Amino acid sequence: MQTDVEIRAALKAWRDGLVGLTRQSALIKFRAARTSSLLIEEPGADEVLARLQSRKLQAFRGRVDLNDPEAPRPHSPGTFFAIPRPDKEVGPVVRNLMRRANAEFLDRGLAVLYFAFGILEWKDLDGTEMVSPLLLVPVELVPEGPKSTPRVTLGDADPVLNPALSLRLREFGVELPTSEGIDGLSVSETLRLNRLALDRQKAFSSWSIREATYLS
C-alpha cells in the first residue's frame, strides 16, 4: 500500500509532466530566440494590451533606413508595434511564428502564440538564474499575402498569469496572484500585484520583474 509521501511524489510528477515545470519549458526558462520571438520596443505594455483588446489589426515594423529608396512605406501612427531589429528581419520571424502556431493548432488543438508581458528574473534552488514570462495574452497572426508580414490581433482565450511559474514558485512559498485576480487590470497594475507578492518574501529580495513585452 502506498504511503502519503509516495502518493504526493506521484501526484507531483504527474502535475509537473502536464504543465511542464522543468527548465526545458519556455514558461520556466524563457529564451528569446531570434528566429522565434520578437521584442516589442514601442509602445509601452499598457498601450500594447489596449490596442490588442480593441481587436484592430496591428502591424510590425522594424528599423528602416529612411535614405533607402526601397524602404517600406511608413505605417500610420497607432497601427503598428515597433521592433528593435532591422525591418527585413521582422517578416521572416512573424511568418515562421504563424506557421508554427497554425501547425500546433491543427495537430494538437493548442493555441501556443502569446504576447508575454513582464519578465521575472529569479534564481532556482541550485542558484541557476532563471527568466520567466508573467502575463500571457493569446494572439493570432493574420496573413497579408505570401511575402507580406502578417498582422496581429487578440486571440479567443483569456489572458492568464503564467500557470507553470505559479506552480513552480509555490515550492519557494511564493503565491502569485490568480488569473481571476487580475481580470480587467492593466499590465502595469498586474505587474505591481506580482511585485507585492514577491515583497512578502524577504528572502527573495534579489528577484526582480523587468518590464518587457515579447511575441513568442
Side-chain angles (χ1 to χ4, degrees), residues 19-34 36-54 58 60 80-85 93-94 97 101 111-124 128-141 152-216:
V19 180
L21 303 184
T22 69
R23 295 173 191 175
Q24 282 68 48
S25 169
L27 294 178
I28 296 297
K29 193 168 186 179
F30 177 65
R31 301 166 182 84
R34 289 186 65 82
S36 58
S37 67
L38 289 174
L39 173 66
I40 308 301
E41 185 174 45
E42 292 180 348
D46 286 341
E47 176 66 16
V48 170
L49 182 59
R51 289 194 199 174
L52 290 173
Q53 291 173 332
S54 75
Q58 294 288 311
F60 298 97
F80 69 96
F81 298 136
I83 312 298
R85 292 171 60 173
V93 173
V94 179
L97 285 169
V112 296
L113 189 65
Y114 289 87
F115 266 77
F117 294 95
I119 298 294
L120 174 63
E121 298 177 339
W122 56 289
K123 290 186 178 181
D124 208 345
T128 301
E129 294 185 354
M130 309 291 283
V131 177
S132 306
L134 283 167
L135 178 63
L136 305 174
V137 177
V139 295
E140 296 178 5
L141 292 171
V152 67
T153 186
L154 191 68
D156 292 331
D158 294 326
V160 295
L161 284 173
N162 184 340
L165 183 63
S166 295
L167 287 173
R168 187 70 174 79
L169 294 190
R170 286 177 187 171
E171 298 177 11
F172 294 83
V174 175
E175 289 286 342
L176 295 180
T178 63
S179 295
E180 292 78 10
I182 57 123
D183 186 36
L185 297 183
S186 67
V187 176
S188 297
E189 292 168 330
T190 299
L191 297 186
R192 182 182 64 82
L193 288 181
N194 280 273
R195 289 192 179 96
L196 290 175
L198 295 179
D199 288 344
R200 298 189 188 103
Q201 301 289 336
K202 301 302 181 184
F204 308 124
S205 58
S206 62
W207 294 9
S208 63
I209 293 177
R210 174 163 52 91
E211 295 186 9
T213 304
Y214 285 92
L215 171 69
S216 188

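It should be emphasised that the depicted structure is a prediction, and the values quoted were computed from it without experimental measurement.
In this structure, the side chains of F30 and S216 come closer than 4.5 Å at one or more pairs of heavy atoms.
With sequence neighbours excluded, no residue forms a salt bridge (Lys or Arg N to Asp or Glu O under 4.0 Å) with R200. A search for salt bridge (Lys or Arg N to Asp or Glu O under 4.0 Å) contacts involving E47 returns R51, not counting sequence neighbours. Contacts of R210 classified as side-chain hydrogen bond (donor to acceptor under 3.5 Å, both in side chains), with partners at least two apart in sequence or in another chain: E121. Residues passing the side-chain hydrogen bond (donor to acceptor under 3.5 Å, both in side chains) test with Q53, sequence neighbours excluded: none. Judged as a salt bridge (Lys or Arg N to Asp or Glu O under 4.0 Å), and not counting sequence neighbours, R192 has no contacts.
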For this session: Report the C-alpha distance between L185 and L193 in whole Å, list the side-chain angles of each, state the deciding distance to 0.1 Å, and finish with yes or no for side-chain contact (heavy atoms from CB on, under 4.5 Å).
Result: CA-CA 10 Å; L185 297 183; L193 288 181; 3.5 Å; yes
Exercise. Passes side-chain contact (heavy atoms from CB on, under 4.5 Å), L27 versus S132? Steps please.
Worked result: CA-CA 6 Å; L27 294 178; S132 306; over 6 Å; no
Exercise. Going through the distances and angles, do W122 and L198 end up as a side-chain contact (heavy atoms from CB on, under 4.5 Å)?
Worked result: CA-CA 11 Å; W122 56 289; L198 295 179; over 6 Å; no
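The two atoms that bring R34 and R85 nearest to each other are O-NH1, 3.0 Å, heavy atoms only. Counting all heavy atoms, side chain and backbone alike, D46 lies closest to V187 at OD1-N, 3.0 Å. Heavy-atom minimum distance, N194 versus P177: OD1-CD, 3.5 Å. Minimum interatomic distance between L165 and P133 (heavy atoms only, all atoms of both residues): CD2-O, 3.9 Å.
Between the side chain of D124 and the backbone N or O of M130, no donor-acceptor pair lies under 3.5 Å.
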Can you give me every donor-acceptor pair (side chain of residues 152-159, partner residue at least two apart or in another chain, under 3.5 Å) with its distance?
none

